[in-house]
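Working notes, structure below.
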Amino acid sequence: MDLASSVQFVKGIGPRKAEELAACGIRTVEDLLFHLPMRYEDRTQLVRIADLRPGMKVAVTGTITVAGLRRARRVSIYEVRIDDETGRLKALWFNQPFLKESLARGARVTLFGEVAPDSYGGRQLMMSSPQHEVLDEEAAAVHTGRVVPVYEKLGPLTGKMLRRILTGLAPAAAAAPETLPEDVRAALGVIGRGEALRRVHVPDEADALDALNAFRSPGHFRLILEELFLFQVGLALKHEARRERPKRTAFAVNESAREAVKRILPFRLTEAQKRVLREIAADLQCPHPMNRLVQGDVGSGKTVVALLAMVVVLENGAQAAFMAPTEILAEQHFLTLRRLLARCAYQVEIFTSATKGAERARAAERLASGETHIAVGTHALIQEGVKFHRLGLAVVDEQHRFGVLQRDELRRKGLDVDVLVMTATPIPRTLALTAYGDLDVSLLDERPPGRTPIVTRHRPASDRRAIVETVRDAVANRRQAYIVYPLVEESEKLEDVRAATSMAAEWAQALPEVRIGLLHGRMKSAEKDAVMAAFHRGEIDVLVSTTVVEVGVDVPNATLMVIEHAERFGLSQLHQLRGRVGRGAAASSCLLVTHGHLSAEARARIDTIVRTEDGFAIAEKDLELRGPGDFFGTRQSGLPLLRVADLMRDRDLLEDARREAFALVRRGAEGTASLRGLLGEEGWERRFGLARVG
Ligand code: ADP
Ligand code: MG
């Protein structure tokens, strides 16, 4: 029996169960060994029932002396009493009448759960729906008298069957060959693979219960680091491979480029902007394609950085593409670029869904001939086969939803060009190291000068009068305001639109002297443009809007952001929305208006936004509240499928794994050859579920 053996031949499994296991992705002994216990129980020292106290979370063992099934209206309650020599404990389960078969009178059982006072009686204690396990003869060796692993059910195998099977596989586990090169093992400070695989299932005496349950025993440590390390080796190889690919031309950052940049700049760059630009310039000059992520909080001035990078490329006779996640943003970028480039000879053109027919054909023609220098658009720009004369740089204003897939698309189109990805929502480092782990990262961690902090307050909707007054005051001071309702732009439902429309009417009634505009995702582009342009020019005081204003919209005179139903927004969305104000020198404020009772999570989100403006702190909190899978909101976010590691729990280990992985790849091919073998035929992309992700 070795790691590659089929589970079918494992004692206690057989062909039928093997088939069911295959459906859960478990085919080999190795697959099975990577089904780690969810927790461990110390059964060397049983807690006596007499010593139980409310609030303890423990395992107790005893004999069932009373058992009975009760039915009350729609629920059934199965109740037992267990006794040991010291006392008695009640336990009950709801709607699990079948338990009467296995948990019958006379059975010896172990229950694990939280101890609570019995709601009925005196000083009695009880457990509600505890995990349970019946102890039989074989129990002695496998299931008691030691620190025992507790498994989650896997296909046809119960937790208890798994304990027996995996304890039996300990010798096979221990014989697993080492896979990490010796120097890597030493550098990571981990025990051997075989020993690790055995100890997570059959812990040594030296393995402390706390460490086991925290997934930090030496065995866990080894398996987690191995997985993260291999994953990072994959990213490092990918990073390296790209550096070996030549791009068509390396761009020169020469005098003419410098002159052009100076001419265009409307203000002095911040130190962070200068640093990031230097990093980009180095990439542009390098003979390999750039793949750089610029992380900068809202308002940190990413647009101008992108513009200057584009100018260098244009000065070298190539073209640039600038892609935004929404049409409104694409249009805004288009206007900004055109304004800033007004005194240059560069032609900027926008491609949106509104450009159609002959007009579009002519625009496409100008781009293909090189007459147009910068093409601005949404991701449709690359999807719809628009042809460039000589594309040199693609800027992707990612804003967190313009994903990895689009980046990949560029590459699949054979456009091995320099790629600059900009994200407005700071990404916690853990995720940056995974989802974007093959990119070079630049940080814009400084705001342009002269900004005052945004004052953020939470207001219940019942404070309507005060809210209206705040808006009135802002307008009286010749400032502008946004009032945002929670809708999702692309899928805006009619009723949502109606809500925003009727709210606009209500506001118009409340503030008759104020010029109110309405913006929502169902409007035609031309209408949206007209409204945005009017707001820009100050002809609209208050913009009642759906979340289409979320990303990137830049109107410095707008100093008040009112977010209605703030409880329905995610943290990063709230942060983005608030970032629409505080863009000029004037003091800005943000009102988070909530309706009705707040869930604990909604309250945590609101409190976070009120407390801090630091996008990284907010992103960390977001990750904590939602977990890595939901952080990006899509499955295609580029997060790896991990067997033992957990991105949240193991974030500290990720850094070590990454450092060693990149060091190994940098040292050269010998070390990595054996690792490629280790990842098997499927290779690391399949293994980590990243095959489709660039
Ligand atoms: P974001 O990083 O959110 O995309 P923008 O690029 O839209 O930010 O910049 C926000 C605002 O700050 C814009 O009005 C821009 O013109 C201004 N800005 C950017 N850099 C500077 C700077 N160095 N000095 C002064 N204002 C700046
Ligand atoms: Mg922006």
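Computed from a predicted model, the values in this text were never measured in an experiment. Order of appearance sets the numbers: ligands from 1, and atoms from 1 within every ligand.
- Near Thr270, the atoms of ligand 1 lying under 4.0 angstrom from a non-hydrogen atom of the residue are 23 (N).
- Close contacts of ligand 1 with Thr303, meaning ligand atoms under 4.0 Å from a residue heavy atom, involve 4 (O), 5 (P), 6 (O), 7 (O).
- Residue Pro556 has no N or O atom closer than 3.5 Å to an N or O atom of ligand 1.
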Step by step, would you call Arg605 with Glu601 a salt bridge (charged side-chain N to carboxylate O under 4.0 Å, His left out)? CA-CA 6 Å; Arg605 287 196 300 266; Glu601 215 191 294; 3.4 Å; yes
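- The shortest heavy-atom distance from Gly296 to ligand 1 is not under 4.0 Å.
- Of all the atoms in ligand 1, the ones that sit under 4.0 Å from a non-hydrogen atom of Arg583 are 3 (O), 7 (O), 10 (C).
- Set against the non-hydrogen atoms of Pro448, the atoms of ligand 1 under 4.0 Å away are 18 (N), 19 (C), 20 (N), 21 (C), 22 (C), 24 (N), 25 (C), 26 (N), 27 (C).
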side-chain contact (heavy atoms from CB on, under 4.5 Å) between Thr372 and Val348, worked out: CA-CA 6 Å; Thr372 296; Val348 188; over 6 Å; no
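- Atom CZ of Arg603 sits in a sparse spot, with 12 or fewer heavy atoms from other residues, nucleotides or ligands closer than 6.0 Å.
- With respect to the salt-bridge test (charged N to carboxylate O, under 4.0 angstrom), the residues Glu279 and Lys274 do not qualify.
- The existence of a salt bridge linking Arg275 and Glu446 is excluded, since no basic side-chain nitrogen approaches an acidic carboxylate oxygen closer than 4.0 Å.
- Contacts of Leu269 with ligand 1, taken as heavy-atom pairs under 4.0 Å, involve the backbone alone.
- Interface atoms of ligand 1 facing Gly301, defined by a heavy-atom separation under 4.0 Å, are 1 (P), 2 (O), 5 (P), 6 (O), 8 (O), 9 (O), 19 (C).
- Numbered from 1 in the order shown, with element, the atoms of ligand 1 that lie under 4.0 Å from a heavy atom of Arg268 read 22 (C), 23 (N), 24 (N).
- Salt-bridge annotation for Asp607 and Lys621: absent, with no side-chain N of the basic residue lying under 4.0 Å from a carboxylate O of the acidic one.
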Go through the steps for Phe334 and Phe322 under the test ring pair (Phe, Tyr, Trp, His ring centres under 6.0 Å), then give the verdict. CA-CA 9 Å; Phe334 171 67; Phe322 195 155; over 10 Å; no
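- The option with the heavy atom closest to atom 20 (N) of ligand 1, from among Lys274, Gln273, His333, is Gln273.
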